[in-house]
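One structure is given here, and the rest of the page talks about it.
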Amino acid sequence: MDKKRIKELVGEMALSEKASLCSGEGFWHTKTVEHLGIPNFMMSDGPHGLRKQDMDADHLGLNESIKAVCFPTGCATATSFDRDLIKKLGQTLGEECQSENIGVILGPAINIKRSPLCGRNFEYYSEDPYLASETAASYIDGVQSRGVGVSLKHFCANNQETRRMSVDEKIDERALHEIYLAAFEGAVRQSKPWTVMSSYNKLNGRYVGENHDILTKELRDRWGFDGIVISDWGAVGDRVEALKAGLDVEMPASRGVRDRYIEESVRNKRLPEEVLDLCCERILDVVYRAVEGHDDSIKADFMKDHETAREIASESMVLLKNDDSILPLDEKKGRIAFIGKYAKSPRFQGGGSSHINCIKITSALDAVSEYGIVNVRYAQGFDDECDEVNGEMQAEAVALAKESDVAVIFAGLPDAFETEGCDRSSMKMPDCQNRLIYEILKVQKNVVVVLHNGSPVEMPWVNDVKGIVETYLGGEAVGGALVDVIFGKVNPSGRLAETFPYQLEDNPSWLSGFGSGDEVTYSEGIFVGYRYYDKKKMKVMFPFGHGLSYTQFEYANLTLSKSEIGASDTLKVTVDVTNVGTRAGKEVVQLYVADKESTAIRPVKELKGFEKVFLKPNETKTVTFELDWRVFAYYEPKIGDWYVESGEFDILIGKSSADIVLTATVEYESEMKLRQEFTADTVFEDIFKVPGGREAVKAVVDKYLAQGEKCDTMPVEVLESMIGWLPLHATMSFSQKTITLEDIREAVEKLNEIEQ
Ligand code: BGC
């Protein structure tokens, strides 16, 4: 509907109707205004499937929703590094929404994986904001191409479940912009989500839902967001402050209480009516996008979508280790033991509001029998409900492993470990599973561990097993996808979207953890994930971007279109990749940028590009990246904006963040220089750096050094060597009264007159 008609409609609404439009009807709908013929739309939880609740509604996954397909969760799709695949996921979800007349799906969820313990990491994408935003943008493009909107969530810094509704996340300005907001910024700018969901937590002292700087200045004014902000379910404190900040729809229904508060606030002038009008216009705009976008002819085919879920899962699995090329297995050769409960009933999704009532589940055992693979035998091995070893189950599994040629152990985290509302307390797998792996290693040297978990786990046996496949939480078709990978029907091509440290204590969030009481300080600042491990030169178990293939790739001919660039240039980077192995496969070409020398403290390198390419044996393809000024920038708090410092930058091409294979250098010339403001507190080192600075303070320096001529303990050379870190005003104390306040004032004035 056009903007003019929307304005007219809002003009025809009574104050009470406008106030009431700003909250939901029940759990999942917006409100209608019958006498004006204004319709509503329904929202449903995602992000990795449709959780439409028809009857008893709740937002914690307690009551059943309609049957639908559970696609691989966020952690298991970001690893695909494949924009087209994620877009396909979005399109499929969009079609399922159309089938069920859902106007907006509540996803994608893109909070940064600050700690491996966050209970919702399985829903989230990455520790890296660029990868998170690119993945989200593809998901949004896919869903919205089908006339259905998304809700990008949880905006922002909802990186832990501990006290999620009251915790105050203290984040410095650079980390906030470069890490936590950047993930959202890229997705909003590129793909224009219809809605954004504001998170429960506080950020630097105030609820995000009441934060005008975040919801309006950043989101709308800077990034150009033109949809509506809806609250997370129950994430509204002061409704009027929230409206002023830019929070349009409170979810779920407020049962009229807060609607009346809005109405009264307009009457008593606490809330300008124009703010409410603007908010209603935005809401109606999205209501009509949803209603006009509805297409009755689109009918989802759940069985077909189950196959899509299988394809996505197989393309996303990460082959972490493959010594002696133990994988792929030959389905016709040898006796194969599948050990562990998850071979029969896989762990493939997490708990809470994203929980899907699955249409069908394919386990690995189902899949081998579908394929008619007859040489696989099964033993449960452990009871996943408890930590302790079940002697009988373990003995049976060890015996089976002993009489087999290879043991594939299906391990991971039990359901209760990963759910909305709680964080994990350790990175360890249940003891019974680790013990089982060790016992099997005593009788079988060919061991492959297949992991089912939403976030990294410690692997004390990592050096002892030959193969490790990370399936993450791979959706309802995970068993089929896994069988395709381990028997070589699909060549694995997933790459880690997060670092796997050896132990929890290595992770940068360990020191401040989830905080104390209602406050958590992100003391690691911008050094999240690989940015931290790189800087510390720390060894990790598996680095960000890591993932093996059944073939090998080689890189050559890294070229840059220019050797010098500025703000208005685009740098074209090309590199050739060749499949030098014997199987067809996909490679993820990763591009990192490193500021070689910088005044600001910066990460060693940051991911700024990736492309996934399919290559037949001996085939070579040229991969191209286009880089603009922003990839070289950092957020400079002095100007409250992104800034590039002139100098050399390395363009790094890598197979992972720890395996850089080619490097080229470009010179960046910034048009903008940071202006140095001078006061009596400015130290001489900073003054001397500015051309003309030394001249401006010459009178003061001369007087300061003069005293050294008569002094043995502080000769001129000593005074000179000390001057760098001396603030201008301190020379008064060291000059036996020859330098006056007037001299200092004059020097400051002269300094500030310098053209910079
Ligand atoms: C979750 C959201 C979810 C909403 C509705 C909240 O508890 O944080 O992710 O979309 O409930 O179910």
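Atoms within each ligand, like the ligands themselves, are counted from 1 in listed order. Each residue takes its place number in the sequence, starting with 1. Computed from a prediction, not measured in an experiment: that's the story for all the values here.
- Residue Y200 places a heavy atom under 4.0 Å from ligand 1.
- Considering backbone and side-chain atoms alike, W233 places every N or O at 3.5 Å or more from each N or O of ligand 1.
- Between D168 and K170 there is a salt bridge, since at least one side-chain N of the basic residue sits less than 4.0 Å from a carboxylate O of the acidic one.
- Set against the non-hydrogen atoms of R120, the atoms of ligand 1 under 4.0 Å away are 1 (C), 2 (C), 8 (O), 9 (O).
- Short contacts between ligand 1 and K153, defined as distances under 4.0 Å to a heavy atom of the residue, involve ligand atoms 2 (C), 3 (C), 9 (O), 10 (O).
- We find that R531 and E606 are joined by a salt bridge, their nearest charged nitrogen and carboxylate oxygen being less than 4.0 Å apart.
- Atoms of ligand 1 found under 4.0 Å from any heavy atom of L106 (numbered from 1 in listed order, with element): 10 (O).
- The pair E250-R258 meets the salt-bridge criterion, since a charged nitrogen lies less than 4.0 angstrom from a carboxylate oxygen.
- Close approach to R164 involves these atoms of ligand 1, each under 4.0 Å from a residue heavy atom: 7 (O), 8 (O).
- The aromatic ring centroids of Y180 and Y522 lie less than 6.0 Å from each other.
- Between W28 and W233, the two ring planes are tilted [angle within 30° to 60°].
- Taking the ring centre of Y124 as origin, the terminal cationic atom of K113 falls outside the region bounded by 6.0 Å and 45° from the ring axis.
- Near M197, the atoms of ligand 1 lying under 4.0 angstrom from a non-hydrogen atom of the residue are 10 (O).
- For F544 and Y530, the ring centers sit closer than 6.0 Å to each other.
- Less than 4.0 angstrom separates some heavy atom of H154 from each of these atoms of ligand 1: 2 (C), 8 (O), 9 (O).
- For ligand 1, none of its N or O atoms has an N or O atom of W28 under 3.5 Å away.
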